[in-house]
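Numbers restart at 1 for each chain; the letters A, B, ... are given by sequence-line order, proteins then strands. Predicted model only: the values in this text are computed from it and were never measured.
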2 protein chains.
Amino acid sequence: MEIARPYLLFLGDARDALAAKTGLGIVDWRRDWVVGQLRLPGCAADAKVPDMSIAEGAAAGAKTLVIGVVNAGGVLPDHWVSEIVAALDAGMDVAAGLHTRLGSIPAIAEAAARNGRALHDVRHSSERFATGKGDKRAGMRLLTVGTDCSVGKKYTALALETGMREAGFDADFKATGQTGVFISGRGVAIDAVVADFISGAVEWISPAAAESHWDLIEGQGSLFHPSFAGVSLGLLHGAQPDAFVVCHEPTRRTMRGVNTPLPTIGDVIHMTTSLGRLTNPAIRCVGIAVNTEKLGEDEARAELARLATTYALPATDPVRFGVEPIVAKVAECFR
Amino acid sequence: MEIARPYLLFLGDARDALAAKTGLGIVDWRRDWVVGQLRLPGCAADAKVPDMSIAEGAAAGAKTLVIGVVNAGGVLPDHWVSEIVAALDAGMDVAAGLHTRLGSIPAIAEAAARNGRALHDVRHSSERFATGKGDKRAGMRLLTVGTDCSVGKKYTALALETGMREAGFDADFKATGQTGVFISGRGVAIDAVVADFISGAVEWISPAAAESHWDLIEGQGSLFHPSFAGVSLGLLHGAQPDAFVVCHEPTRRTMRGVNTPLPTIGDVIHMTTSLGRLTNPAIRCVGIAVNTEKLGEDEARAELARLATTYALPATDPVRFGVEPIVAKVAECFR
């Protein structure tokens, strides 16, 4: 699946910025791929790109209307349908990451057929995957893992793509979640794959490549999250990473959505190394990425220095202080 | 999903006993639920129950035609369709564990609708699961885990159901694979669930129960299998077992379908305990179940004695020597 670019972002009537985080994430990382945003009355999010109607987006060259907003329950409300049909009639494809399949709504299915346009449901892969094989593939791989969900794994992998390219590496971000798929234009939402094929789907996402090429694979969940650890382990085995970065949010006390306490960064390094050895005996941790948003600058620097000493690894906040220490560690270990 | 009993087994034109292992497994464990078998010309399997036509099965009271055979690729060949339609017309439901959905074949869908009968696709759960929560549920749970796939996890859990009931325990087998679902009349083929919901589906399969009740949960795959470890980990977290039994086949050198070497029983005990603590800090190993089929009797006894000493745990072959030592260990640890 390859999503045609550029995009017109549909932010609908997003009730806040969080509801539109997919759309805002696309603009953060791929501003050049976005011609504008379509907002309905009452929309409380703003991606800071030109407001456009469907007709204006089509005139600006948009090839795909990307649904960059979620509403409660992940369903597609009736009042979005007419805009989606108008986009198809204007010659655009439509891409979404909703639980509801676009094609399950007759008006949308008919408009897509009538205009010969594609509907991309990134949470419903139509790709037939093989089961994972576990054989070592050529090329280098880095996986971002986490102490929890939503601690910056996608952001860190994307920041490493930029940083490693600047340092002369041949490196590509590989998406495993819906926002990541829109940002990279391809990939699979791994949590939506049938359980038997988790590691096989990751082997498909990150196939054999040139020996010096790096795939920077977006992690999901946490090996210590009671809802999603199975996804995280299948992703680890399929990614067979040479290197991993642990992502962490230091003020969180229980894991997202459950009552389970957070593991330590040390727990995650130990368990990721132990389990990851199955498909890559040389796996090693190359850094710690901390979301220090809730800490003052002095406090943040002190925490990062403490972690760097404790684990003898570079520790940084990719947003606040950049990823250079981790890129330097990768260069030191693998060049 | 509850599959109506008794069953008429459809063995089709199974090319050997292995192709009919679902049907043979049902007869092994639930002879009373089976009125007979329907075999097509060329069938090379025999479940040792009366041969019957659809009409004879219906007259004998069969409520469900169970497709107890797989053919290459898990698809449903055209020449089975007329028998399935005849079963629906005779008032039976139909249950199968094929990749092909029964209802995707128009003649079958029409016959089911015409007769108001149910089609059960046990590899395509229509249940909407929640994500796993990880909270401790009332009741006791035992999970069978493995050094590999196909090492006797289902057989061991079923043998423990019989053995623990005989020893006075209130114990129920809980299925997580397609043959197990037919044997228990309910359950979910966990490898067919969407990845995000693995542990949540297991929480649904084994809900809160009386404090002294035991769920004996069928394991899947292995934490050390590069294709399926994600399924095994989600299953472990959702099952939150108090006790687990490691199942093993001592002559195997690489894991089923891949080039990965087998872990040791000690590796599996250590990793299952480490990871299982997340949802049950009191998790402990209560025994080792070895498939000694390929060993002579003296050799088998010597190997079991060696394992029992090495790991200070009961070690038995459930088929050859019964599960009494493991039942005794459960009684010692938990009564």
Side-chain angles (χ1 to χ4, degrees), chain A residues 99 123-125 128-136 149 176 188-203 220-238 240 254-261 263 267 270-271 274-280, chain B residues 99 123-125 128-136 149 176 188-203 220-238 240 254-261 263 267 270-271 274-280:
Chain A
H99 285 295
R123 292 194 57 121
H124 299 272
S125 178
R128 290 290 299 256
F129 300 106
T131 54
K133 290 289 161 256
D135 296 324
K136 190 77 180 70
C149 305
T176 62
V188 173
I190 203 74
D191 58 4
V193 167
V194 167
D196 243 4
F197 304 102
I198 305 171
S199 62
V202 180
E203 294 184 0
Q220 295 291 336
S222 164
L223 290 171
F224 293 87
H225 196 297
S227 309
F228 308 118
V231 174
S232 304
L233 181 56
L235 177 44
L236 173 61
H237 284 160
Q240 54 179 223
T254 56
M255 309 201 55
R256 196 175 166 87
V258 294
N259 301 314
T260 311
D267 292 335
H270 170 74
M271 196 57 89
S274 298
L275 291 165
R277 281 196 188 114
L278 185 76
T279 55
N280 191 340
Chain B
H99 286 295
R123 292 193 57 120
H124 298 273
S125 176
R128 290 289 298 257
F129 300 106
T131 55
K133 289 291 160 256
D135 296 324
K136 190 78 179 68
C149 305
T176 62
V188 172
I190 203 74
D191 59 4
V193 167
V194 167
D196 243 4
F197 303 102
I198 305 170
S199 63
V202 180
E203 294 184 0
Q220 295 292 335
S222 164
L223 290 172
F224 292 86
H225 196 295
S227 309
F228 308 120
V231 173
S232 304
L233 181 56
L235 177 44
L236 174 61
H237 284 160
Q240 54 178 226
T254 56
M255 309 200 59
R256 196 175 165 86
V258 295
N259 300 313
T260 311
D267 291 337
H270 171 73
M271 195 59 89
S274 298
L275 290 165
R277 280 196 189 114
L278 186 76
T279 55
N280 191 340

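- Between A/Val258 and B/Gly132, the shortest heavy-atom contact is CG1-O, 4.0 Å.
- Of the inter-residue distances, the one linking B/Ser274 atom OG with A/Leu223 atom CG reads 12.0 Å to the nearest 0.5 angstrom.
- At a 4.5 Å heavy-atom cutoff, the contact between B/Ile190 and chain A is made by backbone atoms alone.
- Between the side chain of A/Ser227 and the backbone N or O of B/Lys133 there is no donor-acceptor pair closer than 3.5 Å.
- When the candidates B/Leu235, B/Leu233, B/Thr260, B/Asp196 are compared by the number of heavy-atom contacts under 4.5 Å with chain A, B/Asp196 comes out ahead.
- Residue A/Met255 does not touch chain B at all, counting heavy-atom pairs closer than 4.5 Å.
- With rounding to the nearest 0.5 angstrom, the CZ atom of B/Phe228 is 11.0 Å from the CD1 atom of A/Ile198.
- Counting heavy atoms from C-beta outward, B/Leu275 and A/Met271 have side chains that approach closer than 4.5 Å.
- Ranked by heavy-atom pairs under 4.5 Å with chain A, the list B/His237, B/Gln220, B/Glu203 is led by B/His237.
- Considering B/Thr131, B/Thr279, B/Asp135 in turn, B/Thr279 is the only one that fulfils the side-chain contact (heavy atoms from CB on, under 4.5 Å) rule with A/Pro226.
- Top candidate by heavy-atom pairs under 4.5 Å with chain A, chosen from B/Gly234, B/Ser199, B/Ser232, B/Gly134, is B/Ser199.
- Looking at B/Arg123, only its side chain comes within 4.5 Å of chain A, counting heavy atoms on both sides.
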